[in-house]
Amino acid sequence: MSLADIQERIASAEVAAGRAAGSVKLIAVSKVQPDARVEAVLQQGHRLFGENRVQEAAGKWPAFRERFDGVQVHLIGPLQSNKVNQALGLFEAIHTLDREKLAKKLAGAVQARGACPELFIQVNTGEEPQKAGVLPAEVDAFVKVCREVYDLPVSGLMVIPPVDEEPSLHFALLRKMAERNGLANLSMGMSGDFERAIALGATHVRVGSAIFGERMKG
Ligand SMILES: *Cc1c(COP(=O)(O)O)cnc(C)c1O
């Protein structure tokens, strides 16, 4: 696999789903990858990346941003409220807004900065106890709290489906929840299932190993 292969598969999936060319954004998930692999993808002109740890992103992206124009990095992993300020300096988007305490922290920090990253609410569609995300039954109320209490412009929803279930059911559920809340963006689909996610309306797919190769485990 390579960046070009994945871009081609995304383009085909857009056509198959009757969607506009370019309507799906490819987030190249560079977590844990060696810098040389990330640099190779930057050299090919790609500019949108995903990281799941604030600390790791802080060690990697400021230097790349100095060398490459137009880089955007999205946080796709958990955000502790004590790292909100640091995160706002590192990421153009946060996909993991999942609790009121974090919304409150973000609201204060966003006001102080006068700029807000793009925000996705993570939904735990599989209701897995160990997984982050708002429960499906609480999504509508949480969207409302973010908007009305904290004045946060929520842009979309994000999901990581349970590993042992058909992801399409979760993608369809996420889409329904987004539609009824007037949210335009859907962050869903990874290396193994991004085409299915695009068929069900994904606007942002998060693809790591299929672009960069397997990550070091552990
Ligand atoms: C690591 C990660 C991905 C990418 O997974 P791949 O299977 O390597 O494509 C996508 N989303 C999140 C939230 C991740 O942590």
Side-chain angles (χ1 to χ4, degrees), residues 1-10 13 24-38 40-41 44 46-61 72-80 83 87 90-99 102 117-134 139 155-168 170-171 173-175 178 185-218:
M1 285 296 147
S2 71
L3 177 67
D5 293 329
I6 300 303
Q7 287 169 330
E8 209 175 291
R9 284 171 59 189
I10 289 172
V24 178
K25 293 198 167 99
L26 171 59
I27 301 172
V29 179
S30 47
K31 66 185 185 200
V32 201
Q33 298 290 351
D35 282 356
R37 287 189 192 169
V38 180
V41 167
Q44 290 168 72
H46 195 73
R47 290 295 180 267
L48 177 55
F49 293 84
E51 291 284 346
N52 72 333
R53 287 172 192 273
V54 174
Q55 233 36 61
E56 186 183 337
K60 190 188 301 185
W61 285 101
Q72 294 201 20
V73 186
H74 288 198
L75 179 64
I76 61 169
L79 178 56
Q80 294 168 261
K83 295 214 173 124
L90 288 167
F91 301 107
E92 276 79 12
I94 292 168
H95 289 234
T96 49
L97 175 53
D98 64 353
R99 58 199 190 278
L102 180 57
E118 186 172 11
L119 295 174
F120 294 78
I121 291 172
Q122 182 175 356
V123 184
N124 185 359
T125 57
E127 306 192 29
E128 297 172 278
Q130 81 286 5
K131 196 168 271 178
V134 179
V139 167
S155 148
L157 302 179
M158 178 271 217
V159 71
I160 309 170
V163 286
D164 53 355
E165 288 181 26
E166 168 54 44
S168 293
H170 297 271
F171 298 154
L173 182 60
L174 196 75
R175 177 190 192 153
N185 291 306
L186 290 167
S187 169
M188 57 190 198
M190 319 201 309
S191 289
D193 56 21
F194 67 87
E195 283 140 323
R196 277 173 283 176
I198 291 169
L200 289 164
T203 58
H204 296 66
V205 294
R206 311 178 307 264
V207 180
S209 44
I211 295 174
F212 295 103
E214 286 302 319
R215 289 179 289 274
M216 310 281 280
K217 296 280 186 314

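In listed order, ligands and their atoms are each counted from 1. Owing to the predicted nature of the structure, the values given are computational and were not obtained by experimental measurement.
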Donor-acceptor pair, side chain of K60 and main chain of E51, under 3.5 angstrom: no
Which pairs of nitrogen or oxygen atoms, taken one from ligand 1 and one from the protein, are under 3.5 angstrom apart?
{"from": "ligand 1", "atom 1": "8 (O)", "to": "S209", "atom 2": "N", "distance (Å)": "2.8"}
{"from": "ligand 1", "atom 1": "8 (O)", "to": "S209", "atom 2": "OG", "distance (Å)": "2.8"}
{"from": "ligand 1", "atom 1": "8 (O)", "to": "R215", "atom 2": "NH1", "distance (Å)": "2.7"}
{"from": "ligand 1", "atom 1": "8 (O)", "to": "R215", "atom 2": "NH2", "distance (Å)": "3.2"}
{"from": "ligand 1", "atom 1": "9 (O)", "to": "S191", "atom 2": "N", "distance (Å)": "3.0"}
{"from": "ligand 1", "atom 1": "9 (O)", "to": "S191", "atom 2": "OG", "distance (Å)": "2.5"}
{"from": "ligand 1", "atom 1": "9 (O)", "to": "G208", "atom 2": "N", "distance (Å)": "2.8"}
{"from": "ligand 1", "atom 1": "11 (N)", "to": "R206", "atom 2": "NE", "distance (Å)": "2.9"}
{"from": "ligand 1", "atom 1": "15 (O)", "to": "K31", "atom 2": "NZ", "distance (Å)": "2.6"}

Partners meeting side-chain hydrogen bond (donor to acceptor under 3.5 Å, both in side chains) with S155 (sequence neighbours left out): E118, N185
Expected output: side-chain E166 to main-chain S168 donor-acceptor under 3.5 Å: yes
T96 side chain vs Q122 backbone, donor-acceptor pair below 3.5 Å: no
E195: side-chain hydrogen bond (donor to acceptor under 3.5 Å, both in side chains) partners, not counting sequence neighbours: R9
Set of residues satisfying ring-ring contact (aromatic ring centres under 6.0 Å, His included) with respect to H204, sequence neighbours excluded: F120
